[in-house]
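Here is the structure we will look at, set down as C-alpha cells.
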Amino acid sequence: MRRALVTVALVVRDYDEAIDYYTRVLGFTLVEDRDMPAEHKRWVVVAPGQDGAHLLLARAANDAQRTRVGDQTGGRVFLFLHTDDFQRDFDGYRARGVRFLGEPRVEPYGKVAVFEDLYGNRWDLIQPA
C-alpha cells in the first residue's frame, strides 16, 4: 500500500493577500486557483517545489476560523520547509522582509531558523544534515 500526505490546509485571512505572500515573498508556485461559487470560496493551492506537500490556502469562513488565522498550533512551529541551500533562502527571505525569530543554528538534523509568515504561523527553514 502506498500513501502520501499531499495537501495541508492553512487558514488565511484573504486569498489574494496569501497568494501574493507565498508566491512573491516565499517563492512558492501557484498550483491551482479555482473559483467555487456555489460554496462562496476558492480552491487555492501553492507549493514550494515539485516534491512534497502542497498548501491549500483556505480563507477563514467564520469567527471561529478567523481566530485561528496565524495560530493553528498554539504558537508551535507548524510547517517545516526544507531547502538545498539554507543561506540562499535565508538571505533571500530576509531581503524580502520575512521575520526570523532568531539566528540560524546547527542542530543534529541540520541547519535551521524559525520564521513567521505574514499571519504569524511559525515555520522552520531547514537544510537537512
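Note that CG of D117 is 11.5 Å distant from CZ of R99, once rounded to the nearest 0.5 Å. To the nearest 0.5 angstrom, R59 atom CZ is 12.0 Å from E17 atom CD. If you take CG on D89 and CG on D84, they are separated by 7.5 Å, rounding to the nearest 0.5 Å. Atom-to-atom distance recorded for L57:CG and K41:NZ is 13.0 Å, nearest 0.5 angstrom. Atom CG of L30 is separated from atom CD1 of I19 by 5.5 Å, given to the nearest 0.5 angstrom. Here the CZ-CG distance, from R76 to D71, works out to 12.5 Å after rounding to the nearest 0.5 Å.
Under a cut-off of 6.0 angstrom, the local environment of CG in N62 is crowded, with over 12 non-hydrogen atoms contributed by other residues, nucleotides or ligands. When the shell of 6.0 Å around CZ of R105 is examined, it contains more than 12 heavy atoms from other residues, nucleotides or ligands.
Grouping the Ile, Leu, Val, Met, Phe, Trp and Tyr side chains by contacts below 4.5 angstrom, directly or via other members, places V77 apart from Y119. Grouping the Ile, Leu, Val, Met, Phe, Trp and Tyr side chains by contacts below 4.5 angstrom, directly or via other members, places L5 apart from F80. A chain of hydrophobic side-chain contacts below 4.5 Å, direct or via other Ile, Leu, Val, Met, Phe, Trp or Tyr residues, connects L79 to L118. Placement of Y15 and V46 within a single hydrophobic cluster is found when ILVMFWY residues are connected by side-chain heavy-atom separations under 4.5 Å, directly or transitively.
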Show, in sequence, the C-alpha distance, side-chain angles and deciding distance for L10 and Q72, and conclude whether the side chain to side chain contact (heavy atoms under 4.5 Å, CB included) test is met.
CA-CA 8 Å; L10 180 69; Q72 290 187 207; 3.6 Å; yes
Side chain to side chain contact (heavy atoms under 4.5 Å, CB included) for V8 and F78? Distances and angles first, verdict last.
CA-CA 11 Å; V8 175; F78 175 45; 4.2 Å; yes
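R96 contributes a side-chain N or O that, together with a main-chain N or O of V25, makes up a donor-acceptor pair within less than 3.5 Å. The backbone N or O of A18 sits nowhere less than 3.5 Å from a side-chain atom of D14 that would complete a donor-acceptor pair. The main-chain N or O of V112 is never found under 3.5 Å from a side-chain atom of Q127 such that the two would form a donor-acceptor pair. The closest donor-acceptor contact from the side chain of Y21 to the backbone of L26 lies at 3.5 Å or more, if one exists at all.
No side-chain heavy atom of F86 sits under 4.5 Å from any side-chain heavy atom of I126. Proximity of T7 to L55: side-chain heavy atoms (C-beta onward) are nowhere separated by under 4.5 Å.
Salt-bridge formation is not detected for the pair R68/D63: no Lys NZ or Arg NE/NH1/NH2 atom is positioned less than 4.0 Å from an Asp or Glu carboxylate oxygen. Using a cut-off of 4.0 Å between Lys/Arg side-chain N and Asp/Glu carboxylate O, D33 and R42 are scored as salt-bridged.
Of all non-hydrogen atoms in P108 and A129, the two that sit nearest each other are O-CB, 3.6 Å. The two residues A47 and V31 make their nearest non-hydrogen contact at CB-CG2, 3.8 Å. Taking all atoms of both residues into account, the shortest heavy-atom contact from V11 to A60 is CG1-CB, 3.8 Å. Of all heavy-atom pairs spanning K111 and P104, the tightest one is CE-CB, 4.0 Å.
In this structure R122 satisfies the salt bridge (charged side-chain N to carboxylate O under 4.0 Å, His left out) test together with E116, sequence neighbours excluded.
F115 has its ring centre no less than 6.0 Å from the ring centre of F90.
With Q87 as the fixed residue, the side chain to side chain donor-acceptor pair (under 3.5 Å) test singles out one of T83, D91, D85: D91.
Ring geometry, W123 versus Y22: the interplanar angle falls from 30° to 60°, so the pair is classed tilted.
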